[in-house]
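Remember, it's a predicted structure, so these values are computed and weren't measured experimentally. Note on naming: letters A, B, ... go to the chains in the order of the sequence lines (proteins, then strands), and numbering restarts at 1 for each one.
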Amino acid sequence: MTPYDHKKVEKRMRTLWKKEGIYKTKEDISAHKPKSESRKSYVLDMFPYPSGDGLHVGHPKGYIATDVYSRMKQMQGYRILHPMGFDAFGLPAENYAIKNKIHPKKAVDKNIKTFKKQLELLGFNYDWDKEINTTDPRYYKWTQWMFIQMFKKGLAYRSNEPINWCPSCKTGLSNEDVEEGKCERCGSIVEKRPVPQWVLKITDYADRLLQDLEGLNWPESIKESQRNWIGRSEGLLFTAPVKDTELKVRTFSAHFEAFYADTFAVIAPDHPFLPKLVEGTKDETKVLAFADELVKKRAVAGFDELKKPEGIFTGRYIEDPIGNGDLPIWVANYAVADYGTGIVKASCHDERDFAFAKKYGISLKPVLFPEDETAREKVEKLEVCFTDMKKGILSKPKEFEGKRAGDFRKEIADFAVKNGFAERKINYRLRDWVFSRQRYWGEPIPLIFCPECKKSAENSKLQAPDSKQIQNSKFQFSKGEVVNPGWFAVPEKDLPVKLPNVKSYEPTGTGESPLANIKSFIDTLCPECGGPAKRETNTMPQWAGSSWYHIAYCISENLKSQETISKQITNSKFQNKVKNWLPVDLYVGGAEHATRHLIYARFWHKFLRDIGVLNTNEPFERLLHVGLIMAEDGKKMSKRYGNVINPDDIVNRLGADTLRVYEMFMGPFGQQIAWNADGMVGARRFIERVCRLREKILNSKSQDVLQPQNTTRGLETLLHQTIKKVGEDIEMFKFNTAISQLMILVNELEREEYVSRDTYEVLLKLVAPFAPHIADALWRELGNKKSIHVSNWPTHDPTKIVFHRVTMVAQVGGRVRDQFEADLEAGEDAIKEIAAKLPSVKKWLEGKAVVKTIFVKNKLINFVVR
RNA sequence: GCCCGGGUGGCGGAAUGGUUUACGCAGAGGACUUAAAAUCCUUGCCUCUAACGAGGUUGUGGGUUCAAAUCCCACCCCGGGCACCA
């Protein structure tokens, strides 16, 4: 492969760009500029976690895309912000460090260096002045400050409830970190463990997170994932006394239409209320022991094993006010403690309840039936479980007898509320965000605990009696108020709370963070009373730093400032910067973040808006996800399979421009696709053709081949079509068709004896976003002093796109019989006349009667015959 | 089980009611060359036919339409997400 030395060209161009500073972000903090001058485009990639393996060719696909996009935007006159940074806290970095016996900080620094070197080889237009690193104390000072604001607003609370615990990673996990009951990182089965945790009340934002999805320009699939994840369901909350006790029980039901069928209730085996419920019953110990066993079983059981119903009678009954008598309460393995109230009234109109009752001989009483008589009989005889709450016909209560349940959902709810059985309630599947990790490599949680202050706080406040707490709590017993007695935020002047540099940072496995062993870190003074106090030793999860990094890029200078954050954020300069860049106009990254990072960041952003730091509701206006590049064998690229392709090798052999063009040309951007080494040849050839076209340029201006040619496909038309299509396709992330259009143009230009300089320059500009090195090099060879990347994007002339002659299709009976040329906009009669004379059409019309003629202007004529 | 995508040549894909297979890769034939590489040109779904042609063909089956890859119904397969969430 000859004619150009990509190594030389690419190196030379990158040096020039650096020298000329063409990728420096243009800030515009004056609010007075006319709109056209301050058009901005904030284009963001999901920042990488700098792993020790470096990049493979799959990683940069998204980065190339945003690079192409932002280059075009810049040429179109937008101020662009296109930054890059590193998300380097968290388990992977720490595990890598432990495995390689190197301190996480050192490992991260080293890996970032490698990453940056690799990224730079690809010729991205990042403004490295904006680089951020979540593990930089100047960065996490802000992360900690934001956490403190949440703490002060009561959005961070201390919980003692059992949480997901990964025995292998030796840390608590959030609900989002668990997949099919397994740790998302290492695949170990997750246990429930009662470890004291800091939890963020993301559920307070559930409704807004759900509602605001509607206005976002995001892939429908991701919106749908988030809707499912938030899992809003409207239902009824029933309250009833527990027989022979002072206790009351609340149960939630989203499918309440057949609530007259309830004959028993189930409680989760790990429900914190269970011990209190069975207190004083005959089989108290037996029940608790059995429940314990169920919990343990559930912790190790595979997913499918949970389908087998198992349980035990608690010895207690609900006195159901509906008049169904006393409902026995059972412990059931399928009941979930932390959804709804963890206790559910059960009936034959639920698959799981039905199976459970059948197994343990609990009586059932159907009140909902199919219309069909024989089917109805089966339900009456309890042979089948009937659950259709839409089409089912009710037999009870009297008020709704014979009615279709689905048509009266609202009325049934009104009825239950009016009679005092229940109140309306909206429940979410979303759980609060478990925010503590018992690991070393994370942001220290900036809180201090003072035992003295806790005592006085508790003394000053008499413990509320149980009954009251029942009224106020989601659960039936005290969950502890959300005031965190004895806990205080680290005063702002003392931020950041730096992660101590230690030798031993391996997880303890005791539920304590490794920081708990460092006396010099723990011991401190109480910010409230000045007495001896202890620091929180847990760290934040991997997702903390990434929850606000889109903001960090806008205020990168602020991160270096010595001023307090509270003061900085009220500064009008800060406010202007934030207003000028946010929201992110285009956000590109992997779809795997649908229900984690993308929910957390939205939550965090909304919170910061609520406290006045931001003025936008949502962080990411438009989102696109990049399809994975698979290895040639169709598997994921991984060291394990030995199928990794390193971009450095490609850059070395064929050049960054070739790699970029190839990755953009492979297929639709969002689609998963396998690497094909052969395919790269096409990309390289395309670039070489663009180079070779230079020889066809005439310096004399008089001979401009852009003069309209006497053909239907004039070059000028093609050129303007290409300008239009490439611009539109890049805007829509349809890079593959943009490139194919460029190829068509190049093929056509090759056929010409001469190419005008103007045409060639337009071509180079259109190629520039994809192949920035060679395009700029060729551009400068033409004598241009400034980089092509700061030139103006060409605009198409709509009048020049129109053909003068068009190719028409002649059909007979809907079948194509011939094609012919005709004048643009030619009328039906003229076309009919031409078409009817064509021999191949004539042949098919012979002996037939034309019933109808269909005419589509500039496209076809169709004779419908009989 | 529920919810999203998707199924088009040998391969990646294009076309969102109007010529199926743009563009690229691989293949075959040719030109140039002492030769090779590179480059350029031609060709390129299946069936029937000596040929001209004709018919078929966008996962399968049906429907709407002058006309369907595209719209509607049913089914099959692949990929992804969610899942004892009451």
Checklist entry - Just how far, in rounded Å, is P of B:U19 from NZ of A:Lys859? => result 8 Å
Next on the checklist: My understanding is that a pair needs two contacts under 3.5 Å, Watson-Crick or G-U wobble. By that rule, which nucleotide pairs with B:C32?
Outcome noted: none
Checklist entry - Quick one: is B:A83 close enough that its OP1 or OP2 comes under 4.0 Å of any side-chain N or O from A:Arg429? => result yes
Checklist entry - Under the side chain to side chain donor-acceptor pair (under 3.5 Å) test, which residues partner A:Gln741, sequence neighbours left out? => result A:Thr722
Checklist outcome for this item: For B:C2, the nucleotide meeting Watson-Crick or G-U wobble distances (both under 3.5 Å) is B:G81
Checklist entry - Considering only the C1' atoms, how many Å lie between B:G62 and B:C11, rounded to the nearest integer? => result 32 Å
Checklist entry - Picking from B:A86, B:C23, B:C4, which would you name as closest to the side chain of A:Ile744? => result B:C23
Next on the checklist: What is the distance, to the nearest angstrom, from the CD atom on A:Gln811 to the P atom on B:C66?
Outcome noted: 13 Å
Next on the checklist: When you measure from the side-chain N and O atoms of A:Arg352 to the phosphate of B:C85, is any distance below 4.0 Å, counting only OP1 and OP2?
Outcome noted: yes
Checklist entry - Does the ring of A:Phe238 carry A:Lys345 above it, NZ/CZ under 6.0 angstrom from centre and within 45° of its axis? => result yes
Checklist entry - Just how far, in rounded Å, is C1' of B:G12 from CG of A:Asn736? => result 10 Å
Checklist entry - Would you say A:Arg250 reaches B:A86's phosphate, i.e. side-chain N/O to OP1/OP2 under 4.0 Å? => result no
Checklist entry - If you measure from the C1' atom in B:G17 to the same atom in B:C66, how many Å do you get, rounded? => result 12 Å
Item to check | side-chain N/O A:Trp844 vs B:A54 OP1/OP2, d < 4.0 Å | outcome: yes
Checklist entry - For A:Met743 and B:A14, what is the distance between atoms CE and C1' respectively, to the nearest whole Å? => result 13 Å
Checklist entry - Is a side-chain donor or acceptor of A:Lys248 paired with a backbone partner of A:Thr239 at a separation under 3.5 angstrom? => result no
Item to check | Anti/syn call for B:G9, syn if |chi| within 90° | outcome: syn
Next on the checklist: Do A:Lys359 and A:Glu310 make a side-chain contact, defined as non-hydrogen atoms from C-beta onward lying under 4.5 Å apart?
Outcome noted: yes
Checklist entry - Mind checking the P distance from B:G61 to B:G12? Whole angstroms is fine. => result 22 Å
Checklist entry - Does a donor on one side chain and an acceptor on the other come within less than 3.5 Å for A:Glu176 and A:Trp433? => result no
Next on the checklist: Near RNA chain B, counting only heavy atoms under 4.0 Å, which residues of residues 255-270 of chain A show up?
Outcome noted: A:His255
Checklist outcome for this item: Contacts of A:Val816 and A:Lys725 projected onto RNA chain B by closest heavy atom; the upstream (5') one is A:Lys725
Checklist entry - Out of B:A86, B:C66, B:G24, which has the shortest distance to the side chain of A:Phe665? => result B:G24
Next on the checklist: Can you tell me if A:Ser233 touches the phosphate of B:A86, counting only side-chain N or O atoms and a distance under 4.0 Å to OP1 or OP2?
Outcome noted: yes
Checklist entry - Quick one: is A:Arg685 getting a side-chain N or O under 4.0 Å of the B:C25 phosphate, OP1 or OP2? => result yes
Item to check | Contact under 4.0 Å: A:Gln671 side-chain N or O vs B:G6 OP1/OP2 | outcome: no
Checklist entry - If the P atom of B:G59 is compared with that of B:C78, how far apart are they to the nearest Å? => result 16 Å
Checklist entry - Is the distance from OP1 or OP2 of B:G13 to the nearest side-chain N or O of A:Asn676 less than 4.0 Å? => result no
Checklist entry - Is the base of B:C66 touched by the side chain of A:Asn862 through a donor-acceptor pair closer than 3.5 angstrom? => result yes
Checklist entry - Does any N or O in the side chain of A:His625 come within less than 3.5 Å of the main-chain N or O of A:Pro219, such that one atom is a donor and the other an acceptor? => result no
Checklist entry - Is there a donor-acceptor contact under 3.5 Å linking the side chains of A:Asn427 and A:Ser233? => result no
Checklist entry - Between A:Lys725 and A:Glu728, is the closest basic N to carboxylate O distance under 4.0 Å? => result no
Checklist outcome for this item: If pairing means Watson-Crick or G-U wobble with both distances under 3.5 Å, then the partner of B:A68 is none
Next on the checklist: Mind checking if A:Asn747 touches a base, just sugar-phosphate, or nothing, with heavy atoms under 4.0 Å?
Outcome noted: sugar-phosphate
Item to check | Gap between atoms CG and C1', on A:Leu718 and B:A22 respectively (whole Å) | outcome: 13 Å
Checklist entry - Under 4.0 Å between a side-chain N/O of A:Arg689 and OP1 or OP2 of B:C40, yes or no? => result yes
